[in-house]
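Structure record follows, encoded as structure tokens.
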Amino acid sequence: MTPAALADLVRSTAVDVLVARGLDTAALPATVTVERPRHPEHGDYATNLALQSAKKLGVNPRELAGWLAEALSSREGIASAEVAGPGFLNLRLAADAQGQVVRDILVRGADYGRGDRYAGLKVNLEFVSANPTGPIHLGGTRWAAVGDALGRVLTAEGAEVTREYYFNDAGAQIDRFVRSLVAAAKGEPIPEDGYGGAYIADIAAEVLRREPNALDLPAEQRDETFRQVGVGLMFAQIKRSLHEFGTDFDIYFHEDSLHKSGAVEQAVEELKKHNHLYLADGAWWLRSTEFGDDKDRVVIKSDGSPAYIAGDIAYLRNKRERGFDLCIYMLGADHHGYIARLKAVAAAFDDDPNVVEVLIGQMVNLLKDGKPVRMSKRAGTVVTMEDLVDAIGVDAARYALIRSSVDSALDIDLDVWTRRTNDNPVFYVQYAHARLSSLLRHATDLGIPTEVAPENVDFGLLTHDREGDLIRTLGEFPRVVAGSAELREPHRIARYLEELASAYHKFYDSCRVLPQGDEPATPLTTARLQLCAAARQVLANGLGLLGVSAPERM
RNA sequence: GCGCUCGUAGCUCAAUGGAUAGAGCACUUGACUACGGAUCAAGAGGUUGCAGGUUCGAGUCCUGCCGAGCGCGCCA
């Protein structure tokens with residue numbers, strides 16, 4: 001029995017009990033929560049249903065729990081139901097009913113864990129969106145990992161996800177980038193407000209290789225050449241880094257295109273028409289304070305050029321016109337001031353501010369020998385994605401970035417993540433998968449079938465405590481995926497995988513799977529092998545949601 | 001000054017208002033003629049920054065204070 005099925009059973013039983021006593025079933029919550037208690041003596045599962053509903057019914061919680069316990073005890077698949085504490089209901093499942101989870105997993109295979117919470121929802125996921133003036137920094141790298149994982153998690157819940165990178169190729173920072181390239185090409189020092197780092201010289205040299213006469217052109221054409229070729233090269237490098245990191249985008253959206261197509265102008269006109277803009281000091285301001293922002297924002301500067309937010313305004317408009325129901329932005333902590341602004345923009349278009357959801361990721365620091373790593377070898381300024389990948393590899397980098405909540409600033413100790421021991425969480429989880437793969441290979445070598453029709457497996461034989469723990473942990477996976485999607489928190493998947501790996505290793509330590517010596521395979525062998533196959537499947541599915549490999553051998 | 005995020009074991013971090021706040025590391029002590037010991041078991045480690053409040057129940061929600069990071073531009 002899956003937790004979801006158990007929750008349904010508890011609720012329908014509760015309905016029966018209330019009806020029989022002439023009480024109002026409306027007092028019951030729509031969905032009953034069935035949790036795995038922290039302490040094993042509190043049963044396999046526990047529900048607080050009686051505590052939640054007692055007040056509305058005007059009944060003592062323990063008394064209500066007692067009625068439910070009595071009714072549940074006689075239900076199919078329930079081994080016991082007891083009242084505990086202030087009115088908790090502690091449940092134990094019969095082994096064969098519980099073991100059906102293994103069967104479900106094997107039947108659903110790679111689909112196990114998927115749900116339909118967001119079926120049909122069109123989601124735009126915008127992340128990284130780093131300026132094309134240099135390599136991706138650690139903050140962007142965090143989003144490359146977390147954003148991609150969130151995309152996978154939302155997809156698993158049925159959402160139609162578009163990953164999008166907003167390529168900020170208009171404005172002053174590109175001009176600074178171009179001036180830096182030109183200076184490097186001439187062999188002159190980089191301007192004060194320019195970009196340093198070895199990559200500037202590399203790109204400048206490559207521009208010259210492609211356009212040998214670039215420096216001889218009139219200043220305007222020269223700059224245009226460096227701009228086009230240089231930005232193109234920088235952007236290709238960013239895309240390549242992301243691809244090697246396992247993160248690919250569906251759309252690379254150019255800010256420039258919004259200006260060139262007239263979309264910015266059009267959006268601004270519309271806001272003017274609805275009197276959401278006003279003229280002051282020669283500039284056009286958005287009345288964003290009317291929509292919850294803490295100050296009004298300049299949209300068109302007094303020199304007539306659009307401010308940065310003008311692009312955002314047109315871009316959000318564009319996303320909604322493309323039919324996205326939900327637009328998620330993933331930004332660094334230094335951009336948290338955007339939340340109110342973006343929601344105000346949505347509101348100004350008479351749209352629901354809730355279609356805009358902004359996730360803020362806190363800073364990432366690297367530690368080496370216990371000390372912060374500040375300098376990049378290549379960028380000359382801050383640490384880049386390549387630096388991290390060079391140091392610990394893609395799998396460890398993604399995992400390390402994903403496993404913590406983005407709300408917390410994160411320290412990554414490079415020494416830990418290069419270790420091949422179980423204080424390195426990614427190895428601990430991957431090792432469990434490799435160990436299971438090895439075990440299943442070994443079974444095949446012994447001529448023991450690893451794929452068996454469910455009706456030929458007696459799941460009721462899986463009665464060991466460690467087997468029960470492992471099965472119940474496997475049964476949690478769909479709820480973990482759903483929670484991860486709902487809360488936009490992929491780190492829950494990683495934490496769950498660590499728990500699952502631990503449950504598996506404990507099981508493995510206590511429960512011999514394969515026969516020894518000349519012993520024959522028994523029905524228990526078969527049941528345990530199915531459990532192993534299910535565990536391997538869930539580990540693979542979970543790692544897949546993180547974009548981390550599930551190795552057969554390590 | 002205002003705003004956002006955070007403050008949990010020596011360290012890195014978990015915990016969707018639930019019961020005795022959990023993992024890993026580090027420390028102490030054990031388990032390999034057994035399917036991968038890259039594992040497992042046991043011990044020790046806490047006033048969840050402080051003070052109030054909300055309720056059957058608060059690390060979690062509310063208020064105030066203390067501390068840290070990051071913002072508060074006609075930059076992008």
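Residue numbers start from 1 in every chain, and the chains themselves are labelled A, B, ... in the order their sequence lines are given, proteins ahead of strands.
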Note to self: I'd like to know if A:R176 and A:E192 make a salt bridge, using a cut-off of under 4.0 Å between side-chain N and carboxylate O.
What the structure shows: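 Not counted as a salt bridge, because no side-chain N and carboxylate O are separated by less than 4.0 Å.
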
Note to self: I want to know whether A:F167 and A:F235 have ring centres closer than 6.0 Å.
What the structure shows: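 Yes, ring centres under 6.0 Å apart.
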
Next item on the list: Check step by step if side chain to side chain contact (heavy atoms under 4.5 Å, CB included) holds for A:I238 and A:Y165.
Entry: CA-CA 11 Å; A:I238 288 172; A:Y165 187 123; 3.5 Å; yes

Of the nucleotides [options], which has the atom closest to the [X] side chain?
{"X": "A:M363", "options": "B:A38, B:G18, B:C70", "value": "B:C70"}
{"X": "A:Y431", "options": "B:G18, B:U20, B:A38", "value": "B:A38"}
{"X": "A:H442", "options": "B:G36, B:C40, B:A19", "value": "B:G36"}
{"X": "A:Q52", "options": "B:A14, B:C74, B:G18", "value": "B:G18"}
{"X": "A:D334", "options": "B:G71, B:C35, B:A41", "value": "B:G71"}
{"X": "A:R441", "options": "B:U16, B:C40, B:G36", "value": "B:G36"}

Within the structure provided, determine whether [X] and [Y] are in side-chain contact (heavy-atom separation under 4.5 Å).
{"X": "A:M554", "Y": "A:H433", "value": "no"}
{"X": "A:K301", "Y": "A:P306", "value": "no"}
{"X": "A:V264", "Y": "A:I313", "value": "no"}

What contact category does [X] fall into here, base, sugar-phosphate, or nothing, at under 4.0 angstrom with non-hydrogen atoms?
{"X": "A:R492", "value": "base"}
{"X": "A:N365", "value": "nothing"}
{"X": "A:A170", "value": "sugar-phosphate"}
{"X": "A:C532", "value": "nothing"}
{"X": "A:A340", "value": "nothing"}
{"X": "A:A84", "value": "base"}
{"X": "A:I412", "value": "nothing"}
{"X": "A:E519", "value": "nothing"}
{"X": "A:R341", "value": "base"}
{"X": "A:D413", "value": "nothing"}
{"X": "A:S405", "value": "sugar-phosphate"}
{"X": "A:S404", "value": "sugar-phosphate"}
{"X": "A:A172", "value": "sugar-phosphate"}
{"X": "A:H39", "value": "base"}

Please say whether the positively charged group of [X], taken as NZ for Lys or CZ for Arg, lies over the ring of [Y], i.e. under 6.0 angstrom from the six-membered ring centre and within 45 degrees of the axis.
{"X": "A:K319", "Y": "A:Y315", "answer": "yes"}
{"X": "A:R341", "Y": "A:Y338", "answer": "yes"}
{"X": "A:K343", "Y": "A:Y329", "answer": "no"}

Ring-on-base stacking [N] with [X] (under 5.5 Å, under 30°):
{"X": "A:F427", "N": "B:A38", "result": "no"}
{"X": "A:H42", "N": "B:A19", "result": "yes"}
{"X": "A:Y508", "N": "B:C35", "result": "yes"}

Margin query: Any side-chain N or O of A:K301 below 4.0 angstrom from OP1/OP2 of B:A76?
Written below: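 It does, given that an N or O in the side chain of A:K301 lies less than 4.0 Å from OP1 or OP2 of B:A76.
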
Note to self: I want to check one thing: is the phosphate of B:G73, taken as OP1 and OP2, less than 4.0 Å away from some side-chain N or O of A:K295?
What the structure shows: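 The answer is yes; a side-chain N or O of A:K295 sits under 4.0 Å from OP1 or OP2.
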
Next item on the list: Could you please spell out the steps behind the side chain to side chain contact (heavy atoms under 4.5 Å, CB included) verdict for A:R512 and A:L514?
Entry: CA-CA 6 Å; A:R512 173 83 199 184; A:L514 297 175; 4.3 Å; yes

Which donor-acceptor pairs under 3.5 Å do the side chains of residues 28-42 of chain A make with protein atoms, sequence neighbours left out?
from: A:T33; atom 1: OG1; to: A:N48; atom 2: OD1; distance (Å): 3.2
from: A:R36; atom 1: NH1; to: A:T473; atom 2: OG1; distance (Å): 3.2
from: A:R36; atom 1: NH1; to: A:E499; atom 2: OE2; distance (Å): 3.4

Note to self: Looking at every non-hydrogen atom in both residues, tell me the closest pair between A:L49 and A:A14 and how far apart they are.
What the structure shows: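 For A:L49 versus A:A14, the nearest heavy atoms are CD2-CB, 3.7 Å.
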
Next item on the list: Go through the steps to decide whether A:R419 and A:D415 satisfy the test salt bridge (charged side-chain N to carboxylate O under 4.0 Å, His left out), and finish with yes or no.
Entry: CA-CA 7 Å; A:R419 230 169 269 162; A:D415 303 319; 5.6 Å; no

Look for any protein N or O under 3.5 Å of an N or O in nucleotides 29-34 of chain B and output each such pair with its distance, or none.
from: B:A34; atom 1: O2'; to: A:R512; atom 2: NH1; distance (Å): 2.5

Item checked: Residue pair A:S437, A:R441: steps toward the side chain to side chain contact (heavy atoms under 4.5 Å, CB included) verdict -> CA-CA 6 Å; A:S437 301; A:R441 279 196 302 271; 3.9 Å; yes

Next item on the list: Could you check A:R297 against A:S288 for side chain to side chain contact (heavy atoms under 4.5 Å, CB included), going step by step and ending with a plain yes or no?
Entry: CA-CA 7 Å; A:R297 306 289 170 181; A:S288 43; 3.5 Å; yes

Polar atoms only, N or O, under 3.5 Å: list the protein pairs with nucleotides 1-8 of chain B and their distances.
from: B:G3; atom 1: N2; to: A:H336; atom 2: NE2; distance (Å): 2.3
from: B:U5; atom 1: O2'; to: A:Q362; atom 2: NE2; distance (Å): 3.4
from: B:U5; atom 1: O2'; to: A:D407; atom 2: O; distance (Å): 2.6

Note to self: Base contacts versus sugar-phosphate-only contacts with protein, heavy atoms under 4.0 Å: please encode nucleotides 58-63 of chain B as B, S and - from 5' to 3'.
What the structure shows: ------

Check: Would you say the side chain of A:D175 and the base of B:A76 hold a donor-acceptor pair, judged only by whether the two atoms sit under 3.5 Å apart?
Finding: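 Donor-acceptor pair under 3.5 Å: no.
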
Next item on the list: Output all residues satisfying side-chain hydrogen bond (donor to acceptor under 3.5 Å, both in side chains) with A:N168, sequence neighbours left out; order by chain, then residue number.
Entry: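 Listed in chain order: A:Q173, A:E255.
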
At a cut-off of 3.5 Å, list every protein nitrogen or oxygen paired with a nitrogen or oxygen from nucleotides 23-25 of chain B, distance to 0.1 Å.
from: B:C25; atom 1: OP1; to: A:N422; atom 2: OD1; distance (Å): 3.0

